[in-house]
Amino acid sequence: MVKDRTKDVEDIRPNGHRIRITYTGSRPYDYGQQNVTVLTHPRPVALDPQTRIMVRGQVWDTAHSALEFSDSSQTWWHIFYGTAGAFAAYPSSEVEIVRDHAHDPGTARVLSYWKSVARHLGEPSATLREIHRDGMFVHPESALYRYLHARPIEEVAGPDSPPLYPFRTNLSQRAAVANALRYPISVIDGPPGTGKTQTILNLIATIVVDESKTVAVVSSNNTAVDNVHTKLRDAGFGFITANLGRAAKREEFLAGQAPRNQLIEGLRRRAPVALPSAVAMVERDRRLLGLRETERELAQLRAEHSAYLLEQQHFDGYLARHELPDADNLPVLRWRSDKILSFIADTDPDLARTSGLGQVIDRIGKYFKYRSLRFADDQDVDVVLRLHQLFYRTKLAELERRIDAAAKSLAGKHFEELAEDQRKLSEEWLAEHLRLRYLDRSPRRYDKNYMREWAEFSHDYPVVLSTCHSLQRSIGKGRLVDYLVIDEASQVDLLAAAVAMSCCRNLIVVGDLRQLEPVESGIPAQACAPVPGSAYDYHRHSILSSLTALFGDGLPRVMLREHYRCAPAIIGFCNQKFYDDDLIPFSASPPGYQSMVVARTSAGNHMRRFRGGGRINQREIDVIERQVLPHYCAEFDATEIGITTPYRKQADRVDALIESIEADSVHSFQGREKDAIVMTTVLDEKPSSQRGIGGLEFVDDPRLVNVAVSRAKKRFVLVTNNEMLPGSRNLRDLIGYIRYQNPGKEVFDSEIVSVFDLLYKQYSAQLDRLASRVTRSPGHKSERVMRAVLGELLPTEFPGLTFAEQVPLKHLLPDTDRLSADQLRFARNRRSSVDFEIYNRVTKQRVCVIEVDGFEFHENRPEQLARDALKDAICATYGIALLRLPTTGSNEIERLRIELTTLLANATQ
C-alpha cells in the first residue's frame, strides 16, 4: 500500500488556486490553509516497455510509474522518475502516454543495426553516437515512423493560408512548395544554382503564417542553415528563427535575444496593413502562372539560340575550307528550318529505297513534298553542306522571331511588375500575420531552460535551425515540429537523418543525387550488424538516396529546373553531362566572354603521394599562382575566387601558399559558390598515380566533377597535366566541352618549368639544352641536374663564383660553441653535409649553400624533415644563407639568379 504523502505544486497556479494532492485517504485533510483543493484516491497508470510518458511534449526517459488524481473538474498526475523515489506533479493537459514504436520488430532491427554502426563513430560525432547508444524514440506521428515502416505516402491537408512567395519564385519552385505542403514526405530535387534556399524560404513563409505550425531546417553542417538564417534576417524576418544546434550555438542564440526583442517591439507598434483576401492572393498567383510559362519558354529559346549559334560558328569554320554552290539557286531559301532538315534526311542515300517500285514512290512523294530541285543535285555533298548552312541561318532567324515575340508578350503584360507585386504582397501578408502573432505578447528573454516552456518558445520562434544530429537536443526528445526541411540531403547520412526525422511530422528533403554523397566514414561494414534492408544501409545511402530506394515512384518529388547561378556555358556542361538537358539557364554572359578555360602544365610527372595518404601537385599550384590567377582571375576580388581540388593535402598546400584566396576540397565546397573557381586535378600520367584508392576513378567521379564545375558563377578554370588525363571519362568530356566552347582559344599551355623536370622521361623542349649537360654528368640525377644548372649559370652571369659539392656541415662552421647538444651531435656526423656550397673563387668567401630536396627523401620522410630542421637551425645560428630547392618546385634558375644577386648586393654594403 502506498504511504500517505502530500506535495504542494508551487509552479502551477491556475487562477491563484493551489493544489494539494494526497495519495490515500477518503476525505480532504484540513491543512489550515485557505483556497486549497485536495485530490485523493489515485489511479495507478499501467506502463510497459513499449509506452513512454511525455510531459509538455518531451519524453521522460527515466519515468517508470505514475498515479492519476482527479475530481469532477480537474486531473493531475504524479510521475515517478529516477531511482531515488523522485516525483513531480503536472496537470493532465501537459501529460500523455505514447507508444514507442522503436520496439516494433522491423523497426527494432533497423535501429539495432544503426546502433552497431554508431558505436564506431569518432569524437566529432559523439552526440550522434550517444543518441543511438541511449536508444531512439519513434513517435507514431513522426516521419521516422513512416520511413521505418515504409508506409505509403498519401496526400494530406496543408496549411489554410495561400501560398506566399516573399522571396519571388518560378514555375518549378512554385510546384515544389505546393508538393511539400501536400504530402507528409516529399523531395525537392535541387540541381546547382536552381534556388533551393529561395524555395525553402518561401516554404517557411507559407507555414509560419499559421500560428499553430512550426518548422525546422537542418543539414549536415551549419553552413547551409546559416545561409537560411542570413537570408531571413536580411529580408527583415530573422526574428522568427532560433539558430540553435550544438551547445555553443545555443549559447550564442540565448545571449543575442535583446536586439531581436527590440525588433519585435517595433513590429508590434506598426500600423495594421490592409491585405487582399486569401482568394484574391490565389487568383493573382493563377494569373501569373501563364506568364511564368512564357518566361520559361523565353529562357529555353535563348539557350537554344546560343547553342545553334555556337554550332554555326564551328560549321562556318569548316565551310571556309570548301567552295560551295550559290545558295540563290536553291529554292530552300523560302523553307522553314524543319523542312530543310527533313529534306536532308529524306535525301540521305543510306535511308533511301534504291530500286523498283519503292524508288518510284519515293521520287513522286519527294516531288510533291519539296517540288522540283532542278538546280540542285541532292546527292552532291557540297549541296548538302550548303543546305546545312542555310538550315542554321533559317533556324536562328526563326528563334530570334520567337524570342522577340515572347519578350514583347511579357513586357506587354507587365510580367516583371506583376511578379514584383506578388512578392511585395506576400511579404506584407507575412509581416502582418507576424505582427498579429506578437501583438498581445511582450517579447520574452529565454534562458537555457527554454524547453520547459516550449509552447511559448515555439510561438515566439516558429523556425528552428540546427544540424541534423543536434536537433533533438535543441528541442527535446520526442517533441515534434510540424515540418522539417533537410537541406543538402545528398550529404546527410542515415544516422544523422534518423535523429532529425524523429523530431517532425512532415518531412521535406532537398538535395541532388548527382552531387556528392556523405564523406566515407571509414567504418568497415563487417564490423557492424547485418543490414536489415538495403534501403537502410548506412554505407550505401544518404537520406535522399535511401528515400528514393525505399519509396520508388511513390515518392512525391519535384525538380527545380530554372538555373540562375552559373554562366550559360558553365552550367551547359553540367546540364548536358549530368541532367539530360532538363535545366533551363536564366543567366547570361557578355558576348565573347570566355567562361571556361583549360590550363595544362608542362610535360612531366608532377604529382607526389604521401606515405600516410594524400597527394599534392606543386607544379599545378605554381601555374595557378603565377599564371592562372593573374591572367584569368584578375577581374575578380580575392574573396570571390575559390581554388578547389579532390585532395585535402593539395587544398591545405594551396591554402598555405596562396594568401587571401579560399582553398578547399570539392566535398567542402558543395553548397557554396564563387565568381571564379579554379580546379587543380593533381594527377599526372604515371600509371601508378592513377590506380587504386584516390586515383583516377576518385578524381573522375561524375558527382565530384559536377560539384566542382557548378561552384563557378562566371569563370571556371581547370588546371591539369600536360596529357589532359586521356584515360578519364568525365574530365575528358569536360576538357572536350571547354575546347568546343572556345574555338581558337582551346587550351592555355603553361610555360612554367623546373630544371628537375629532367628527372622525367618527358619534359619541356625548353630544357633540351640543359639536358645535354646533365647526361654527361655523374652522380644522383637530381644533383646532376643542379650541377648542370650551376655550371651554366655561374660562368655566364656570376663569373666570380664557383661551387663545391657535398661539403660536410662541420666544415662550414668556424666553431661549435653555439650549438646545442643535439645540433653538435648532428654536425659531427660524417653524413651531415650540404649538397652545394657557392663561394667566391678568389677570396673563398662563401655566398650561400644549396640543398636539393627530393620529395621521397625529404618531404615524405618525417625523420629527414627533422634532420633538415636541425640543419636549417645551425645555418641560421651562424648566419649561413641556405637555399632549399625542392624537386617538386619550378623556376629554379630565376630563383637562383635573384638569390645570388641579392646576397652579393648585401655583401657589398
Side-chain angles (χ1 to χ4, degrees), residues 604 606 608 618-619 753-760 763 767 770-771 773-798 800-814 816 819 823-841 844-904:
H606 306 300
R608 297 293 183 272
Q618 183 62 45
R619 183 61 53 80
V753 298
S754 166
V755 295
F756 297 111
D757 289 352
L758 295 172
L759 302 176
Y760 316 134
Y763 51 82
L767 299 173
L770 188 61
R773 298 176 64 101
V774 174
T775 56
R776 299 194 300 266
S777 181
H780 292 295
K781 196 167 185 181
S782 59
E783 295 171 5
R784 287 157 50 192
V785 169
M786 185 50 56
R787 186 183 305 126
V789 169
L790 294 175
E792 185 172 278
L793 178 66
L794 297 185
T796 57
E797 300 191 36
F798 302 93
L801 302 184
T802 188
F803 63 92
E805 299 183 54
Q806 296 304 319
V807 179
L809 182 60
K810 192 170 182 297
H811 291 183
L812 301 176
L813 310 179
T816 58
L819 300 182
Q823 290 172 341
L824 180 59
R825 194 162 37 248
F826 177 74
R828 284 176 172 171
N829 192 312
R830 291 181 60 186
R831 295 182 179 179
S832 299
S833 62
V834 295
D835 294 330
F836 296 90
E837 178 190 15
I838 299 180
Y839 61 92
N840 186 297
R841 66 172 63 248
K844 312 304 181 192
Q845 183 178 2
R846 180 185 311 112
V847 178
C848 69
V849 296
I850 296 175
E851 286 278 273
V852 177
D853 293 343
F855 178 82
E856 285 300 326
F857 191 69
H858 286 264
E859 192 168 356
N860 212 14
R861 289 177 183 248
E863 65 277 11
Q864 182 59 37
L865 288 175
R867 290 192 287 268
D868 289 347
L870 278 172
K871 191 180 297 184
D872 292 348
I874 292 170
C875 288
T877 299
Y878 286 89
I880 301 171
L882 186 153
L883 179 61
R884 290 195 174 274
L885 296 174
T887 58
T888 56
S890 60
N891 214 26
E892 292 83 8
I893 294 177
E894 183 61 23
R895 285 187 61 197
L896 274 170
R897 182 180 291 116
I898 294 171
E899 186 75 16
L900 291 175
T901 301
T902 302
L903 289 170
L904 291 173

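Note that the coordinates shown come from a computational prediction; the quantities given were computed from them, not determined experimentally. The first residue of the sequence shown is numbered 1, and numbering continues consecutively from there. Heavy atoms only: backbone and side chains are in, while hydrogens, waters and symmetry mates are out.
Atom OG1 of residue T802 and atom CD of residue E837 lie 10.0 Å apart, to the nearest 0.5 angstrom. The OH atom of Y839 lies 11.5 Å from the CZ atom of R846; values are rounded to the nearest 0.5 Å. Rounding to the nearest 0.5 Å gives a distance of 11.5 Å between CG of D872 and CD1 of I880. Within the model, atoms CG of L759 and OG of S754 stand 7.5 Å from one another, a figure rounded to the nearest 0.5 Å. Expressed to the nearest 0.5 Å, how far CZ of F798 lies from CG of L904 amounts to 6.5 Å. Between atom CG of residue L896 and atom CD1 of residue I838 there is a gap of 6.0 Å, rounded to the nearest 0.5 Å.
The two residues A873 and Q823 have their closest heavy-atom pair at CB-NE2, 3.6 Å. When all heavy atoms of R897 and L793 are compared, the pair lying nearest together is NH2-CD1, 4.1 Å. Residues F826 and S832 approach most closely at O-OG, 2.6 Å, considering heavy atoms. Across all their heavy atoms, M786 and F836 have their closest contact at CG-CE1, 3.5 Å. In terms of heavy atoms, R608 sits closest to T887 at NH2-O, 4.3 Å. V834 approaches K871 most closely through the heavy-atom pair CG1-CD, 4.3 Å.
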Quick one: side chains of residues 806-813, donor-acceptor pairs under 3.5 Å with protein atoms, not counting sequence neighbours, listed by atom name and distance.
unit_1, atom_1, unit_2, atom_2, d
Q806, OE1, S833, OG, 3.1
Q806, NE2, E783, OE2, 3.3
Q806, NE2, D835, OD1, 3.3

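Heavy atoms of other residues, nucleotides or ligands lying less than 6.0 angstrom from CZ of R828 number 12 at most. Applying the 6.0 Å contact sphere to CD of E894 captures more than 12 heavy atoms from other residues, nucleotides or ligands.
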Would V789 and E892 satisfy side-chain contact (heavy atoms from CB on, under 4.5 Å), going step by step from the backbone distance to the final call? CA-CA 9 Å; V789 169; E892 292 83 8; 6.0 Å; no
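With contacts defined as side-chain heavy-atom distances shorter than 4.5 Å, the pair D757/V785 does not qualify. For the pair R619 and S890, the minimum side-chain heavy-atom distance is below 4.5 Å. In this structure, the side chains of F855 and P886 stay at 4.5 Å or more apart for every pair of heavy atoms. Counting heavy atoms from C-beta outward, L882 and C848 have side chains that stay 4.5 Å or more apart. Two residues are said to be in side-chain contact when any heavy atoms from C-beta on lie closer than 4.5 Å; I874 and L819 meet this criterion.
Each of I850, V847, L794 was evaluated against F803; a single residue qualifies, L794, per the side chain to side chain contact (heavy atoms under 4.5 Å, CB included) test.
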